K.L.:
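My questions all concern the structure below.
All figures in this text were calculated on a predicted structure; none of them were measured in a lab. Just so you know, ligand 1 is whichever comes first in the structure, and atom 1 is the first atom listed for that ligand.
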Amino acid sequence: MKDKTFLMIPGPTPVPESVLLAMAKHPIGHRSSEFSCVLEETYENLKWAFQTKNDVFIYTSSGTGAMEAALSNLLNPGDKVLSLIIGNFGQRWAKIAASRGAVVDTIEVEPGCAINPDELEARLAADVNKEIKVVTLTHNETSTGVTNDVKTLVKLINKHGAVSVVDGVTSIGAMECKMDEWGIDVLISGSQKGFMIPPGLAFLAASEKAFKLHEKCENPSFYFNWSAYKKSVKDNSTPYTPAVNLIVALDEALKMMKKEGLEEIFARHKRHAKALRAAIRAMGLKLFVEDDSVASCAITAILPPEGISVPDIRKVLKKDYDIVVANGQNQLKDKIFRMGTLGYVCDRDLIAAVGSLEAALKKLGHKFRPGAGMAALIEELTA
Ligand SMILES: *Cc1c(COP(=O)(O)O)cnc(C)c1O
């Protein structure tokens, strides 16, 4: 079986054919009026996706570039940062902050758990001299499949007065993330997750409060400089040569997203993750995140059955069914596998994936009644 690969990893995610075709055209000049029109529309639609009135900058980088763009425009050496860590990507914020010379304090929880708002509230209350300048957090932690209650956490950060810096790489375009209404100061995302285009673009929006702190940043990044990007957005332009074809693809993808509607997109992700979780349980497998209330609707982390290895499950799924699922990261490598239901995913994809997973597990000797997961899935999808 060739050329039918279904990427069920949490990025890159499947790309719609219309988006691929949009990208396949000759590049146009990035200073042309034609490209300006594309950018004008794209900037506007990105604001819609971020649910913000703030400008959204487009960087030519992966998501981590936007993370660096966030902190390298805010921090001076010695600044105090509080990093809320529930997995690999939360840890990355702390590492980037440290690379800017910041003094990094953390709240860290067991993998599979979310940040407890009470713990954050207590930590912020203890900072009576308001030394904490920035709090970093992850909306949807891709490494564990846990979603933080960003709305509540950001409310607490705003009460304290620090600038909130939120990783929305696998939440924007998959779950409710209201930048302005929730008072998020800096929100970043990347192209190869919920936005349904290949890797290579990253996005960042910053509030007025964040810009005030930016003004005090003595050595901001040159390439990622917020002020330069802000000026360019006004002119429907970019400071340097952007990834023209990817932006044309983004324009197309955002139009598709608008056609579906944000609420509908979120409902689809929620429905898919819920159905997948029901199917996994029905197959006699354990979910890594048992608590439905913090389980991600973009990524589902699953424990392999007793005696069957994660690499074997991944191998059979790939070889026999052309479906790619992700391994765990770092200390969770070979302990869990992760199925993404993020971006351009429809019911049929999920039916194919669950059926294939059942077949793979049967081949590997898992004792269960084939069809049990499928029955649960179909029950949920047709409810
Ligand atoms: C993918 C991802 C990133 C960015 O990773 P890149 O490989 O740099 O694109 C950041 N945060 C989360 C939560 C992610 O899933």
Side-chain angles (χ1 to χ4, degrees), residues 7-15 49-50 57-72 83-97 99 108-109 111-115 136-150 153 164-177 184 186-205 221 223-224 243 246 249-250 253 269 273 288-289 294-301 324-330 332-333 336-345:
L7 278 181
M8 247 200 143
I9 53 177
T13 60
V15 180
F50 273 59
F57 310 147
I58 303 173
Y59 294 117
T60 306
S61 75
S62 76
T64 308
M67 295 174 81
E68 175 133 342
L71 296 182
S72 68
S83 287
L84 312 184
I85 302 174
I86 67 168
N88 214 21
F89 290 100
Q91 189 80 51
R92 190 168 295 176
W93 276 132
K95 286 182 185 164
I96 297 171
S99 80
E108 204 163 350
V109 302
C113 299
I115 295 290
T136 66
L137 60 158
T138 316
H139 191 179
N140 186 71
E141 178 53 64
T142 313
S143 66
T144 59
V146 172
T147 303
N148 269 321
D149 180 359
V150 165
L153 298 174
S164 59
V165 175
V166 177
D167 175 342
V169 176
T170 46
S171 69
I172 299 178
M175 58 197 75
E176 198 71 89
C177 185
I184 297 170
V186 181
L187 182 61
I188 64 110
S189 197
S191 58
Q192 80 276 27
K193 311 280 173 95
F195 287 93
M196 314 187 292
I197 71 169
L201 296 182
F203 317 117
L204 181 148
S221 161
Y223 188 61
F224 289 127
L246 282 174
L250 176 63
H269 282 80
F288 182 63
V289 181
V294 299
S296 168
C297 59
I299 293 109
T300 299
V324 188
V325 301
N327 202 326
Q329 295 179 319
N330 298 345
L332 290 171
K333 184 159 189 273
I336 57 169
F337 62 102
R338 294 171 299 147
M339 296 174 83
T341 46
L342 175 56
Y344 187 55
V345 175

K.L.:
Closer than 3.5 angstrom, by distance alone: can the side chain of T147 be matched with the main-chain N or O of N140 as a donor-acceptor pair?
P.N.:
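Not confirmed, T147 side chain does not pair with N140 backbone.
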K.L.:
Only heavy atoms of T170, strictly under 4.0 Å: list the atoms of ligand 1 that pass.
P.N.:
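Per the distance check, 13 (C), 15 (O).
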K.L.:
Out of curiosity, is N140 lining ligand 1, as in a heavy atom under 4.0 Å away?
P.N.:
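N140: in contact with ligand 1 (<4.0 Å).
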K.L.:
Examine ligand 1 and decide if any of its atoms is less than 4.0 Å from a heavy atom belonging to E141.
P.N.:
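The answer is no: ligand 1 sits nowhere under 4.0 Å from a heavy atom of E141.
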K.L.:
Closer than 4.0 Å to some heavy atom of R92 - which atoms of ligand 1 meet that?
P.N.:
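Every atom of ligand 1 under 4.0 Å from some heavy atom of R92: 5 (O).
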K.L.:
Compare all side-chain heavy atoms of R338 with those of T142 and state whether any distance is below 4.5 angstrom.
P.N.:
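The answer is yes, as the side chains (C-beta and beyond) meet within the 4.5 Å cut-off.
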K.L.:
For S296 and A298, indicate whether the former's side chain and the latter's backbone hold a donor-acceptor pair under 3.5 Å.
P.N.:
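Between the backbone of A298 and the side chain of S296 there is a qualifying donor-acceptor contact (under 3.5 Å).
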K.L.:
Give me the residue, atom name and distance of the protein heavy atom closest to atom 13 (C) of ligand 1.
P.N.:
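Checked against all protein heavy atoms, atom 13 (C) of ligand 1 sits closest to T142 OG1, 3.1 Å.
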K.L.:
Is a donor on one side and an acceptor on the other found under 3.5 Å between the side chain of S189 and the backbone of F203?
P.N.:
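Checking the backbone N and O of F203 against the side chain of S189, no donor-acceptor pair under 3.5 Å is found.
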K.L.:
Return a yes/no value for G63: is any of its N or O atoms, backbone included, closer than 3.5 angstrom to an N or O of ligand 1?
P.N.:
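Between G63 and ligand 1, an N or O pair is found under 3.5 Å apart.
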K.L.:
Note the single closest protein heavy atom to atom 3 (C) of ligand 1, along with its residue, its atom name and the distance in Å.
P.N.:
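Heavy-atom neighbour on the protein nearest atom 3 (C) of ligand 1: F89 CE2, 3.5 Å.
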K.L.:
Give a yes or no answer on whether the side chain of N327 reaches the backbone of K333 with a donor-acceptor pair at less than 3.5 Å.
P.N.:
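No, because the side chain of N327 does not come within donor-acceptor range (under 3.5 Å) of the backbone of K333.
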K.L.:
Would you say H139 contacts ligand 1, with heavy atoms under 4.0 Å as the rule?
P.N.:
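False for this residue.
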K.L.:
If you define the side chain from C-beta out and look only at heavy atoms, does anything of D167 sit under 4.5 Å from I188?
P.N.:
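Sidechains of I188 and D167: in contact.
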K.L.:
Looking only at protein heavy atoms, identify the closest one to atom 2 (C) of ligand 1 and say how far it is in Å.
P.N.:
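For this ligand atom, the closest protein heavy atom is K193 NZ, 2.5 Å.
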K.L.:
By number and element, which atoms of ligand 1 are closer than 4.0 Å to a non-hydrogen atom of T64?
P.N.:
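Near T64, meaning under 4.0 Å from one of its heavy atoms, ligand 1 has 4 (C), 5 (O), 6 (P), 8 (O).
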K.L.:
With atom 12 (C) of ligand 1 as the reference point, say which of I299, D167, T138 has the nearest heavy atom.
P.N.:
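The nearest heavy atom belongs to D167.
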